Amino acid sequence: MKLSPLPHPDASELLGWYDRHHRELPWRVSPVMRRNGKVADPYHIWMSEVMLQQTTVQAVKAYFEKFLSLWPTVGDLASADTEDVMKAWAGLGYYARARNLKKCAEAVVALHDGAFPQTVEGLRRLPGIGDYTSAAIAAIAYDIRALVMDGNVERVVSRLFSVREALPGAKPILKAYLETLTPAERPGDFAQAMMDLGATICTPRRPACSLCPWRESCVALHQDDPENFPVKEAKKEKPVRQGAAFVAVDEGQRVLLRKRPDTGLLGAMTEVPTTGWTASRDGETGINAAPFAGDWKPTGAITHVFTHFELRLSVYRADVESAGAKPNNGWWEPVANLDGEALPTVMKKAIAAAIPHAFQRIKRK
DNA sequence: AAAGCGGGGCA
DNA sequence: TGCCCAGCTTT
């Protein structure tokens, strides 16, 4: 146990590290370019930040490029067809983000003449933009000294100061510490540096403390173990739900699809007909809940893990003549077109179980 | 304050 | 297999 106080972490140490070791990202303006006067495009920063909510950088890159290619400006996105936005977002998850992305673009055009607000408060009022995202856009796009605290920053700060309180209750304490770290100069680079540090050095497990620019200041490193932080409340165990999915294929190699309700789980996304997803099997989660009578044959089972439950679906297939089947509020889509549909991953798994050649890269488990 | 809301990568 | 990820909205 070290009794003498450690030096307080200095932002200049982190910024110097960031100048040398920052990652190149499609939406990022490098510190060198920033010094040369280049400013970040608020539309790009907003797009990347929404995609990055609870989502890894690696997963976001391809989607970011696709969205910028399809809709180069916020005006283009505002006037886009919402269904096309959902199709482009399919596979990235948390689909309320896509619905709010569209609403936000419309609001920026309608209320702000196509220019994003340049204050934290103005940004915070827009759909899909909360405390983190409003601060991040303000800092990164406008170099405003906002307090940007995401999961990475929570981890870094909790270790630096060895915060014993458990998340999420510890957030106000962590934010107070972050206030003492955030500089008046280069706050945008500082915010990105904190996240790069958390992503590459101060990782959840086996952090590379010997490479950390703040290793001399980290209380957890000197007095405890960084891997013990942040402390988190125990989480509840995931319940299992079960049901059945029905893949109908007609004589033209078309699949019966339908649209889910606009709100709730997988809102506004496309699906194959399924039973309800219930805690235990009963009469309504079996084959007799098929969309129409037919020669339904079991083709396997798939498992998909959502945030708050695990889903096990028995998959049935029937080969039918579409003229004789009754797709109430559904439509027949050629198998060859399925890649362009707004199908969430769980639905691609179900279809792949019934039609093995439909999706190449989809696993059943 | 707590719950609902995806999907993938990693040790 | 469990944990985590540039969180937000609704109740």
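A quick note: this is a predicted structure, and the numbers were derived from the prediction, not measured. Throughout, protein chains are lettered first and strands after them, A, B, ... in sequence-line order, and every chain is numbered starting at 1.
Look at NZ on A/K349: it is 14 Å from P on B/dG6, rounded to the nearest Å. One atom, CE of A/M269, and another, P of B/dC5, lie 15 Å apart when rounded to the nearest Å. For the pair A/L265 CG and B/dG6 P, the computed distance is 5 Å after rounding to whole Å. Between the CD1 atom of A/I129 and the P atom of C/dA6 there is a distance of 19 Å, given to the nearest Å. Residue A/R241 contributes atom CZ, which lies 10 Å from atom C1' of B/dG4 at whole-angstrom precision. In this structure, CE of A/M51 is placed 16 Å from P of B/dG6, rounded to the nearest angstrom. A straight line from CD1 of A/I137 to C1' of C/dG7 spans 13 Å, rounded to a whole angstrom. The interatomic distance linking A/K235 (NZ) with B/dA3 (C1') rounds to 14 Å, in whole Å.
Between C/dT11 and B/dG6, the distance separating the two P atoms is 15 Å to the nearest Å. As rounded to the nearest Å, B/dG4 and C/dA6 have P atoms that lie 25 Å from one another. Across B/dG9 and C/dC8, the matching C1' atoms stand 23 Å from one another, rounded to whole Å.
Mapping A/K236 and A/L266 onto DNA chain B by nearest heavy atom places A/K236 at the nucleotide closer to the 5' end. If you find the closest nucleotide of DNA chain B to A/P168 and to A/V305, the one lying nearer the 5' end belongs to A/P168. Between A/R23 and A/R124, it is A/R23 whose nearest contact on DNA chain C lies nearer the 5' terminus.
Dashed line: the shortest gap from a side-chain N or O of A/H304 to OP1 or OP2 of B/dG6 is not under 4.0 Å. Phosphate proximity of C/dT9 to A/R97: absent, as no side-chain N or O sits under 4.0 Å from OP1 or OP2. Taking only side-chain nitrogens and oxygens, A/T345 comes nearer than 4.0 Å to OP1 or OP2 of B/dG7. At least one side-chain nitrogen or oxygen of A/Q54 sits closer than 4.0 Å to the OP1 or OP2 atom of C/dG7. A sub-4.0 Å separation between OP1 or OP2 of C/dC5 and a side-chain N or O of A/Y94 is absent. Note on A/H308: a side-chain N or O is less than 4.0 Å away from OP1 or OP2 of B/dC5.
Closest contact between the side chain of A/N152 and the listed nucleotides B/dG7, C/dA6, C/dC5 involves C/dA6. Between C/dC5, C/dA6, B/dA11, one nucleotide has an atom nearer to the side chain of A/R205 than all others, and that is B/dA11. Proximity note for A/T307 (side chain, C-beta onward) versus B/dG6, B/dA11, C/dA6: the nearest is B/dG6. Each of C/dC8, B/dC5, C/dC5 was ranked by its minimum atom distance to the side chain of A/Y132; first place goes to C/dC8.
A/T133 comes within 4.0 angstrom of sugar-phosphate atoms only, judged by non-hydrogen atoms across all strands, and of no base. In this structure, A/L101 reaches neither bases nor backbone, as no heavy-atom distance under 4.0 Å exists between it and the strands shown. Within 4.0 Å (heavy atoms only), A/V57 reaches at least one base atom of the nucleic acid. Residue contacts for A/R99: at a heavy-atom cut-off of 4.0 Å it reaches no nucleic acid atom on any strand shown. Nucleic acid contact for A/W46: none, since no nucleic acid atom lies under 4.0 Å from a heavy atom of the residue. Residue contacts for A/G91: at a heavy-atom cut-off of 4.0 Å it reaches the sugar-phosphate backbone alone, with no base atom in range.
Of the N and O atoms on the side chains of A/T133 and A/Q53, at least one donor lies less than 3.5 Å from an acceptor on the other residue.
Exactly one of A/R34, A/R28, A/R35 qualifies for a salt bridge (charged side-chain N to carboxylate O under 4.0 Å, His left out) with A/D189. That residue is A/R34.
In this structure, the ring of A/W89 has its center no less than 6.0 angstrom from the ring center of A/Y63.
Evaluation of atom-type donor-acceptor distances gives no pair under 3.5 Å for the side chain of A/T56 against the base of B/dG8. A donor N or O paired with an acceptor N or O is found under 3.5 Å between the base of B/dG6 and the side-chain atoms of A/T55.
Annotation for A/F161 and A/T180: closest pair CZ-OG1, 4.3 Å, computed over non-hydrogen atoms.
A/N36 CG: more than 12 foreign heavy atoms inside a 6.0 Å radius. Open room surrounds CD on A/E321; 12 or fewer heavy atoms of other groups in view lie less than 6.0 Å from it.
Two residues are said to be in side-chain contact when any heavy atoms from C-beta on lie closer than 4.5 Å; A/R164 and A/S162 meet this criterion.
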